[in-house]
Amino acid sequence: PAGEGEELTDHGLLGHHKTLFEEVIRVPLLLRVPGQLTRVNVKQLVMVSVPEAATRVAMLERGEADIIYNVPGELIAKVGKLPGATLAPVLSGSFFLEFPGFQDPKNPFRDKRVREAVSLAIDRRAMNQAETAGMGKVTGNWINDDVQYAIEWPEFPRNVEKAKQLLREAGYPNGFDVDWVTPLPAFYSRGERIIAQLREVGIRGRLQTMERGIFFQRLQGGLKEFPGTQIILHGVRIAGSWSFWYEAYFKCGGFSSRDRICVKDLDAKFELYERSINPAERKKLADEIQRGILENYYLVPVFRHAFVNAI
């Protein structure tokens, strides 16, 4: 990682390997193993693109790979039992649900009670256990709580009966249909778990999968790319300040959010935040904006992801 003293000594040209994703570099490597930091002299580091998780695990098991990236939940236990293998989880950004176009009067998610019902239906602890063997983190905020001005928020509860009650009060005693639930590629199993949990309270959805490039292209296209009643399961990378999350994934016109959310009063406060040079005022505005999102369930946090790697 940056700041740990690594130094590229010779970055070779692209070699004649099986794919353009394979490259050979020469680099002195600092290897962090739990409890110690070891310097390893590496003459060649070969990086190979292997999309299939089971193949990556098999390569580690056969000694064809020394390090593999992103072990999915269903394979974590197997990797943990491999002789000489060490799981190396990295706590990362958060997954959360977005309701594109929820302010449309015809959209069921316009009603705060419906959005809260979604939150009450989600079993976050079960999701964390199944997807990362519990190595992720269940938190109340969709923004990592270890960055500047991020607020701590209690874990949202799961209460299926209360979720059903809220749906009845909102005029949906028999639930309703969601056109598509679209997870960040390739975390499709997380989308399937969301669909199963929502079905318990009467919200019926279908999984929509797409290639990663297409997914981000659709996000850039804004609300017109997500017509009807839809849910997006986002996953966000880590950053240094809470404002990265807001500006990219919530603000009207944001890099990812585009025109899908657009809560004018919160955007107005964010504009004041950006103009202010008073730390106390900036912190106060950041607190108010985050509280506004969480109290109104404009977004529904799921859990903080852990990239589980293996050495």
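- Sorted pairs that involve residues 230-240 and meet salt bridge (Lys or Arg N to Asp or Glu O under 4.0 Å), not counting sequence neighbours, are lacking altogether.
- For Arg282, the side chain to side chain contact (heavy atoms under 4.5 Å, CB included) partners at least two apart in sequence or on another chain are Tyr149, Tyr273, Ser276.
- With hydrophobic clusters built from ILVMFWY side chains whose heavy atoms lie under 4.5 angstrom apart, Leu120 does not share a cluster with Leu97.
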Test side-chain contact (heavy atoms from CB on, under 4.5 Å) on Thr182 and Ile231 and set out the steps.
CA-CA 6 Å; Thr182 307; Ile231 297 174; over 6 Å; no

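- No more than 12 heavy atoms of other residues, nucleotides or ligands sit less than 6.0 Å from atom CZ of Phe255.
- Checked by atom type and distance alone, the side chain of Arg56 pairs as donor or acceptor with a backbone atom of Val50 at under 3.5 Å.
- For the salt bridge (Lys or Arg N to Asp or Glu O under 4.0 Å) condition, the pairs that include at least one residue of residues 286-303, sequence neighbours left out, are Lys269-Glu288, Lys283-Asp287, Lys284-Glu288.
- Within the model, atoms CG of Leu60 and CG of Leu82 stand 6.0 Å from one another, a figure rounded to the nearest 0.5 Å.
- Geometrically, Arg304 does not engage Phe95 in a cation-pi contact defined by less than 6.0 Å to the ring centre and at most 45° from the axis.
- Tracing side-chain contacts under 4.5 Å through hydrophobic residues (I, L, V, M, F, W, Y), one never reaches Met127 starting from Leu91; they form parts of separate clusters.
- Here the side chains of Val308 and Asn70 are not in contact, with every heavy-atom distance at 4.5 Å or above.
- Take Asn107 and apply the side chain to side chain contact (heavy atoms under 4.5 Å, CB included) test, not counting sequence neighbours, and it matches Asp104, Phe109, Thr229.
- The closest donor-acceptor contact from the side chain of Asn144 to the backbone of Val147 lies at 3.5 Å or more, if one exists at all.
- By the side chain to side chain contact (heavy atoms under 4.5 Å, CB included) test, Asn128 pairs with Thr132, Val138, Phe303, sequence neighbours left out.
- Contact record, Pro301 with Gly140: CG-O, 3.2 Å, taken as the closest heavy-atom pair.
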Passes side-chain contact (heavy atoms from CB on, under 4.5 Å), Phe270 versus Asp265? Steps please.
CA-CA 9 Å; Phe270 187 72; Asp265 61 326; over 6 Å; no

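- By the side chain to side chain contact (heavy atoms under 4.5 Å, CB included) test, Pro100 pairs with Glu98, Leu223, Phe226, Gln230, Ile232, Arg260, sequence neighbours left out.
- Shortest non-hydrogen contact noted between Asp179 and Pro227 is OD2-O, 4.0 Å.
- With His234 as the fixed residue, the ring-ring contact (aromatic ring centres under 6.0 Å, His included) test singles out one of Phe250, Trp245, Tyr249: Tyr249.
- In summary, the aromatic rings of Tyr298 and Phe99 are positioned with their centroids too far apart to meet the 6.0 Å limit.
- Going from atom CD of Gln129 over to atom CZ of Arg125 covers 11.0 Å, rounded to the nearest 0.5 Å.
- Hydrophobic clustering (side-chain heavy atoms under 4.5 Å, transitive across Ile, Leu, Val, Met, Phe, Trp, Tyr) keeps Val114 apart from Leu166.
- Hydrophobic clustering of Ile, Leu, Val, Met, Phe, Trp and Tyr side chains at less than 4.5 Å, counting indirect connections, keeps Trp180 apart from Leu184.
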Please lay out, stage by stage, how Asp66 and Ile311 fare under the test side-chain contact (heavy atoms from CB on, under 4.5 Å).
CA-CA 6 Å; Asp66 298 302; Ile311 302 171; over 6 Å; no

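- No single ILVMFWY cluster, assembled from side-chain heavy atoms under 4.5 Å apart, contains both Trp242 and Ile238.
- Taking a cutoff of 4.0 Å between a charged side-chain nitrogen and a carboxylate oxygen, Glu271 and Arg275 qualify as a salt bridge.
- For the pair Ile194 and Leu233, the tightest heavy-atom approach, listed with the atom from each and the gap, is CG1-CD2, 4.4 Å.
- Checked for salt-bridge contact, Asp177 and Arg204 meet the test: a charged N lies under 4.0 Å from a carboxylate O.
- Listed by first then second residue, pairs satisfying salt bridge (Lys or Arg N to Asp or Glu O under 4.0 Å) with a partner in residues 218-229 read Arg218-Glu225, not counting sequence neighbours.
- To the nearest 0.5 Å, the span separating CG on Asp267 from NZ on Lys251 amounts to 7.0 Å.
- Under the ring pair (Phe, Tyr, Trp, His ring centres under 6.0 Å) criterion, Tyr297 pairs with Phe156, not counting sequence neighbours.
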So Leu299 and Leu294, side-chain contact (heavy atoms from CB on, under 4.5 Å) or not? Walk me through it.
CA-CA 7 Å; Leu299 300 175; Leu294 296 170; over 6 Å; no

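- For Glu169 and Gln165, the side-chain atoms include at least one donor-acceptor pair closer than 3.5 Å.
- Counting only residues at least two apart or in different chains, disulfide (SG to SG under 2.5 Å) contacts with residues 121-236 are absent.
- The two residues Val181 and Gly205 come nearest to each other via the heavy atoms CG2-CA, 4.4 Å.
- With rounding to the nearest 0.5 Å, the separation of CZ in Arg193 from CZ in Arg124 is 15.5 Å.
- Around CG of Asn296, the count of heavy atoms belonging to other residues, nucleotides or ligands within 6.0 Å exceeds 12.
- One N or O on the side chain of Gln197 and one on the backbone of Asp123 form a donor-acceptor pair closer than 3.5 Å.
- With sequence neighbours excluded, no residue forms a side-chain hydrogen bond (donor to acceptor under 3.5 Å, both in side chains) with Arg115.
- Residue pairs satisfying the salt bridge (Lys or Arg N to Asp or Glu O under 4.0 Å) criterion with at least one member in residues 132-141, sequence neighbours excluded, are listed as follows: Lys137-Asp145.
- Going from atom OG of Ser257 over to atom OH of Tyr246 covers 8.5 Å, rounded to the nearest 0.5 Å.
- Scanning all heavy atoms of the two residues, the minimum distance from Thr209 to Tyr188 falls at CG2-CD2, 3.5 Å.
- Side chains of Arg110 and Gln103: no donor on one and acceptor on the other come within 3.5 Å.
- If you take OG on Ser94 and CD1 on Ile143, they are separated by 9.0 Å, rounding to the nearest 0.5 Å.
- No donor-acceptor pair under 3.5 Å is formed between the side chain of Asn309 and the backbone N or O of Pro89.
- Side-chain atoms of Ser189 and Glu131 include a donor-acceptor pair closer than 3.5 Å.
- Between Ala121 and Val201, the shortest heavy-atom contact is CB-CG1, 3.8 Å.
- Side chains of Gln290 and Asn141: a donor-acceptor N/O pair is present below 3.5 angstrom, by distance only.
- A salt bridge links Glu200 with Arg158: the closest approach of a Lys/Arg side-chain nitrogen to an acidic carboxylate oxygen falls below 4.0 angstrom.
- Residues that satisfy the ring pair (Phe, Tyr, Trp, His ring centres under 6.0 Å) test with Phe307, not counting sequence neighbours, are Tyr69, His305.
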